[in-house]
Colleague: 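The following block contains the structure, expressed as structure tokens.
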Amino acid sequence: MTTPLTVGENTVDSLLRLDRMPHIWCQGCGIGPAVGCFTRAIESSGLDPDKIALVSGIGCAGRAAGYVKLDSFHTTHGRALPFATGLKLGNPELNLVIFSGDGDLVAIGGNHLIHSARRNMDMTVICINNFNYGMTGGQAGPTTPLDARSTTTPYGNFEYPFNVPYLVAASGATYVARWTVLHVRQLEWSIAEAMTKPGFSFIEVLAPCPTLYGRMNKEPKGLDTMHSYQERSVVRDGADPKDVAIDSDGPIVVGKFVDIERPTFWDQWKLLLDRAREKKK
Amino acid sequence: MKLWRTPFDQAEKAIRPAKVLIDKERCKGCGYCVEFCPRGALVMSDELSSKGYTLAAVADESKCLGCGLCDILCPEFAIHVVSNDNES
Ligand code: SF4
Ligand code: SF4
């Protein structure tokens, strides 16, 4: 167990389970800064931590549920979103944050992702995208860019990946953004904005995975990936999600792509209740 | 920086030295803090942690702006920057 650096002063420490530190993530893993930005966003948005619940699925990013000092749930693989949906309907007061990886949310939980966006469930999804299945050994997944190498695609990936912001935006999400973990400030603001906005908010966070994806793609250190983000990132707020697909060495478009208003699941449900009651009278 | 006149709020806006604390038990030596510090206030030291990682260390605290970038970028939550902004 590590002792807190400065008790009561450090925002991040006050929202972490210090008895579990240091965490299991590898040297240079991008999940750490993303968790840091999330805890800072809670502070800067002024939301009550007691009213925030964090739901994670399985995978490296899914471990976040075990490290935060919030009500948190580590659910079965891919099922973070349906679990959170139930939680939200049971207690609409809660501010739901889903913190999970691309393998969990986009691959096995892909169907839940599009349907939660379609229903416009009031929740914030932070999707850590490291382009592969990290915890199981670096296999290629639905987000692995074309031609990128992974342990199951040693000659380069021949499948076309998902353009995740386009997928969720087309499904009906009301807030869609993408940042890399190098854009820490923007990421923090974006998470704070998404958490205070009603409706389905989705933030894709590109994160280095030096141990698996990086090592297979000539970026053996987290720092190499961070440098490539620095060189390749182009901030383009309001870009059409259709144009933000990622390839293995082209520009990475980051920014806030979608910010619209649409009735949430809960609003629609209340409308229906009112209508049904009117008829009875 | 060369100024053609002394700004009236220079004293108020002057950089106040901040304190950078690095937890040696948590640092895994990824080098993000050293690489991205805008002022080069940090270095990778020769010291190894109890787990065998090379530790980051403060090279020159007087260079630090107190921007907190290292603090927010550290994947291990190992850095805390105590800024002296509120002190007077
Ligand atoms: S960013 Fe954190 S883990 Fe990485 S070298 Fe600096 S103090 Fe160590
Ligand atoms: S607070 Fe900013 S200036 Fe100071 S050491 Fe950290 S990154 Fe460098």
Side-chain angles (χ1 to χ4, degrees), chain A residues 1-18 20-41 43-44 60 67-68 180-189 207-211 214 221-227 229-230, chain B residues 16-59 61 64-88:
Chain A
M1 176 178 169
T2 35
T3 42
L5 289 168
T6 39
V7 186
E9 242 194 294
N10 194 339
T11 331
V12 176
D13 271 7
S14 62
L15 284 171
L16 292 178
R17 293 189 195 166
L18 294 174
R20 298 208 170 176
M21 293 291 139
H23 52 61
I24 59 147
W25 297 316
C26 305
Q27 178 194 53
C29 173
I31 303 170
V35 173
C37 290
F38 165 64
T39 53
R40 277 158 216 271
E43 169 92 343
S44 58
C60 295
Y67 293 130
V68 289
T180 76
V181 287
L182 189 62
H183 298 85
V184 272
R185 304 274 183 214
Q186 291 95 323
L187 180 58
E188 180 194 326
W189 297 329
C209 171
T211 313
K221 283 200 152 39
L223 214 44
D224 302 329
T225 313
M226 288 296 229
H227 280 141
Y229 289 161
Q230 199 173 16
Chain B
R16 299 196 182 82
K19 202 156 181 51
V20 183
L21 304 168
I22 302 180
D23 188 331
K24 292 186 179 177
E25 286 301 310
R26 290 195 205 167
C27 172
K28 285 186 189 156
C30 66
Y32 291 177
C33 54
V34 177
E35 182 68 25
F36 294 109
C37 169
R39 303 277 291 197
L42 308 167
V43 280
M44 293 313 288
S45 67
D46 298 329
E47 200 184 335
L48 292 184
S49 74
S50 55
K51 291 205 176 76
Y53 294 110
T54 323
L55 292 169
V58 181
E61 207 154 65
C64 173
L65 291 170
C67 68
L69 187 66
C70 52
D71 187 338
I72 186 165
L73 207 52
C74 175
E76 309 295 325
F77 320 111
I79 305 190
H80 181 44
V81 179
V82 187
S83 84
N84 296 336
D85 266 2
N86 304 327
E87 282 176 24
S88 58

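Within every chain, numbering begins at 1; the chains are lettered A, B, ... in the order of the sequence lines, protein sequences first and strands thereafter.
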Colleague: What is the minimum heavy-atom distance between E76(B) and W25(A), and which atoms define it?
Modeller: OE2-O, 4.3 Å
Colleague: Between D71(B) and R40(A), what is the shortest heavy-atom contact and its length?
Modeller: OD1-NH2, 2.8 Å
Colleague: Partners of E188(A) by salt bridge (Lys or Arg N to Asp or Glu O under 4.0 Å), sequence neighbours excluded?
Modeller: none
Colleague: Quick one: are T54(B) and Q27(A) in side-chain contact, heavy atoms under 4.5 Å?
Modeller: no
Colleague: Are the side chain of H23(A) and the backbone of P75(B) linked by a donor-acceptor contact shorter than 3.5 Å?
Modeller: yes
Colleague: Below 4.5 Å, heavy-atom pairs only: which of V181(A), I31(A), L182(A) has the largest tally toward chain B?
Modeller: L182(A)
Colleague: So which residues of residues 29-36 of chain B are in contact with chain A at a heavy-atom cut-off of under 4.5 Å?
Modeller: G29(B), C30(B), G31(B), Y32(B), E35(B), F36(B)
Colleague: Quick one: list whatever passes side-chain contact (heavy atoms from CB on, under 4.5 Å) with R17(A), sequence neighbours left out.
Modeller: D19(A), R20(A), K69(A), S72(A)
Colleague: Can you tell me how far apart CG (L73(B)) and CE (M226(A)) are? Round to the nearest 0.5 Å.
Modeller: 4.5 Å
Colleague: Under a 4.5 Å cutoff for heavy-atom pairs, which residue among G32(A), G30(A), C37(A), P210(A) has the most contacts with chain B?
Modeller: G32(A)
Colleague: For the interface with chain B, which of P33(A), A34(A), G36(A), C29(A) has the highest count of heavy-atom pairs at distances below 4.5 Å?
Modeller: P33(A)
Colleague: Which pairs with one or both residues in residues 47-56 of chain B pass salt bridge (charged side-chain N to carboxylate O under 4.0 Å, His left out), sequence neighbours excluded?
Modeller: K24(B)-E47(B)
Colleague: Determine the minimum heavy-atom distance between D13(A) and F77(B), stating which atoms define it.
Modeller: OD1-O, 4.4 Å
